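First up is the structure itself, then whatever we jot down about it.
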Amino acid sequence: MRRTACWLLLLALGVTRAAGQQNLTEDSSAPNALLTWHDPVPWQAGLVYARLSRPVELEGAEWKLRGHLADVTVGVAPWAWLLLYGQAGVSDARLDNAIHHEFDYGAGGLAGARVNLWQIYEGVARTSWRVTVALAGEYAFRTTDDGGAGEIEWSETRCMLPIDYHLTFARSFRNFYMGEFHSLAVYAGPAWSKLDGTWTRGDLQQDFEESQALGIVGGVELWLLENLSFGARADWFDGTSAQLTVRYRF
C-alpha cells in the first residue's frame, strides 16, 4: 500500500510539472520589437594578426614575400557542422632583395568556409575528447604600397584538410570555480595554396606566384571559457607564416 501511494505521488508531481510547462506565458514586462529573431544562429567575432613569409617566383628567380596582416573577423554557423567567415583589415608586404624601402599599409580581406566532415565522439558521459576531420577553403586579396613608388597586390586561394583533436576539461563542478580552462584543441593537416600577385612600379609590372603549392597547416586553440578562445597557427609552404587570433562566440 505504501509503495502504491509513493508511485501515485510521483505521478501526480509529474503531471503537475507537465501542466505547468504547458501553461508557460510570455513575460509581459519584457520589451517587444517590430521584428524578432527567435533562436539566432551562433555568431562569432575576433581579431587576427599574421606574419607572412612565402617563397615566390619572380622572373625565374625565387624571392620571399614578407609582410604583416591585421584583420577583424566575423563568422556565422548556420548549422553546427558549417562555419562561414570573413576577414577585413590592413596589410603591408615587401619582396626581399627587390624592395628596400618601407611600404605603407593597404586594404585587404578574406572569405572562407569550414565543413566538419567526420568525427569520433562517444558522448559527454564516456569521454572528454573528440577527433574531427574538416575541410576548409579560403580566398584572400591583399594590397600594399609605398606612397607612390610602387605597389604590390596579391591573391591567394587555399584548401586545407585539418584533423582536430579537442579535449574538454569542463566536465565537473571544478570548472565552475575557474580553477582550469575550458578546453584545448590541437590540429594539423595538409594544405594546397595558389598565390599570385603583381609588383607595379610606374609603367613596369612584374608578376609573381608561389614557388610551392603544397604545404602543412597546424595550430593550437585554448578556450579559457566556453565562448572565448586564443589561438596560434603556423602555415608551412617552404617558408613559415604564423598568426595569432582571439575569438568570441555569441
Side-chain angles (χ1 to χ4, degrees), residues 37-52 69-91 107-124 127-142 155-171 181-195 213-237 241-250:
W37 186 9
H38 294 284
D39 299 325
V41 295
W43 285 83
Q44 63 183 38
L47 301 174
V48 179
Y49 170 78
R51 182 180 180 275
L52 175 67
L69 316 173
D71 285 348
V72 174
T73 178
V74 176
V76 61
W79 297 281
W81 48 268
L82 173 64
L83 174 64
L84 306 174
Y85 58 93
Q87 297 177 200
V90 295
S91 58
L110 177 150
R114 174 188 168 111
V115 180
N116 295 329
L117 300 175
W118 181 75
Q119 185 176 92
I120 301 176
Y121 179 47
E122 297 182 356
V124 175
T127 181
S128 61
W129 59 266
R130 63 183 69 191
V131 176
T132 305
V133 178
L135 176 64
E138 298 177 345
Y139 175 79
F141 181 78
R142 308 283 182 179
S155 63
E156 181 182 9
T157 301
R158 177 179 299 191
C159 292
M160 299 170 285
L161 191 68
I163 300 175
D164 182 288
Y165 177 81
H166 189 102
L167 181 62
T168 301
F169 298 93
R171 289 167 52 84
F181 48 84
H182 185 274
S183 59
L184 177 70
V186 180
Y187 60 91
W192 174 86
S193 171
K194 172 63 175 177
L195 184 149
L214 296 178
I216 299 173
V217 174
V220 60
E221 192 166 18
L222 173 65
W223 291 89
L224 295 183
L225 304 171
E226 188 176 11
N227 54 356
L228 177 64
S229 72
F230 295 86
R233 189 179 102 182
D235 304 343
W236 184 84
F237 290 90
S241 300
Q243 75 174 33
L244 301 174
T245 61
V246 57
R247 188 156 52 118
Y248 184 86
R249 287 177 176 171
F250 295 93

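For clarity, every value in this text was computed on a predicted model and none was experimentally measured.
Within the 4.5 Å cutoff, side-chain heavy atoms of W81 are placed close to those of V115. In this structure, S193 and T157 have side chains that are not in contact, with every pair of non-hydrogen atoms separated by 4.5 Å or more. A heavy-atom distance below 4.5 Å is found between the side chains of W43 and V74.
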Practice problem: Output, in order, the C-alpha distance, side-chain angles, deciding distance and verdict of side chain to side chain contact (heavy atoms under 4.5 Å, CB included) for Q44 and L83. | Solution: CA-CA 10 Å; Q44 63 183 38; L83 174 64; 3.7 Å; yes
Quiz item: How far apart are the C-alpha atoms of I163 and Y165, what are their side-chain angles, what is the distance that settles it, and do they pass the side chain to side chain contact (heavy atoms under 4.5 Å, CB included) test?
Solution: CA-CA 7 Å; I163 300 175; Y165 177 81; over 6 Å; no
Exercise. Take L244 and V48 through the side chain to side chain contact (heavy atoms under 4.5 Å, CB included) test and state the conclusion after the steps.
Key: CA-CA 6 Å; L244 301 174; V48 179; over 6 Å; no
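Here OH of Y121 is found 10.5 Å from CH2 of W129. Values are rounded to the nearest 0.5 Å. The distance from atom CG of L117 to atom CG of L161, rounded to the nearest 0.5 Å, is 7.0 Å. Note that the OG1 atom of T168 and the CG atom of L184 stand 9.5 Å from one another [nearest 0.5 Å]. Note that NE2 of H166 is 9.5 Å distant from CD of Q119, once rounded to the nearest 0.5 Å.
Under the side chain to side chain donor-acceptor pair (under 3.5 Å) criterion, T245 pairs with no residue, sequence neighbours left out. Take F230 and apply the side chain to side chain contact (heavy atoms under 4.5 Å, CB included) test, not counting sequence neighbours, and it matches L224, L228, V246. Every residue meeting the side chain to side chain donor-acceptor pair (under 3.5 Å) condition with S155, not counting sequence neighbours, appears here in chain and number order: D196. Under the rule for a side chain to side chain donor-acceptor pair (under 3.5 Å), Y187 has no partner lying at least two apart in sequence or in another chain. Applying the ring pair (Phe, Tyr, Trp, His ring centres under 6.0 Å) test to W118 and every residue at least two apart in sequence or in another chain returns nothing. Contacts of A213 classified as side chain to side chain contact (heavy atoms under 4.5 Å, CB included), with partners at least two apart in sequence or in another chain: W192, E210. Considering only residues two or more places apart in sequence or on other chains, V90 meets the side chain to side chain contact (heavy atoms under 4.5 Å, CB included) condition with A70, Y105. Legend: residues meeting salt bridge (Lys or Arg N to Asp or Glu O under 4.0 Å) with R158, ordered by chain and number and at least two apart, are E156, D235. Under the rule for a ring pair (Phe, Tyr, Trp, His ring centres under 6.0 Å), the partners of Y248 that lie at least two apart in sequence or sit in another chain are F250. By the side chain to side chain contact (heavy atoms under 4.5 Å, CB included) test, E226 is found to be paired with H182, residues two or more places apart in sequence or in another chain being considered.
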Do any side-chain atoms of residues 214-222 form donor-acceptor pairs under 3.5 angstrom with protein atoms, and if so which ones, sequence neighbours left out?
residue: E221; atom: OE1; partner: R247; partner atom: NH2; Å: 2.9
residue: E221; atom: OE2; partner: S229; partner atom: OG; Å: 2.8
residue: E221; atom: OE2; partner: R247; partner atom: NE; Å: 3.2
residue: E221; atom: OE2; partner: R247; partner atom: NH2; Å: 2.4

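Minimum interatomic distance between N116 and A80 (heavy atoms only, all atoms of both residues): ND2-O, 4.0 Å. When every heavy atom of A107 is checked against every heavy atom of S91, the shortest pair comes out as O-OG, 4.2 Å.
Here salt bridge (charged side-chain N to carboxylate O under 4.0 Å, His left out) pairs that include residues 71-80, with residues two or more places apart or in two chains, are D71-R142.
Of the possible polar contacts, one joining the T73 side chain to the G86 backbone as a donor-acceptor pair under 3.5 Å is found.
A donor-acceptor pair shorter than 3.5 Å can be found between the side chains of E138 and Y85.
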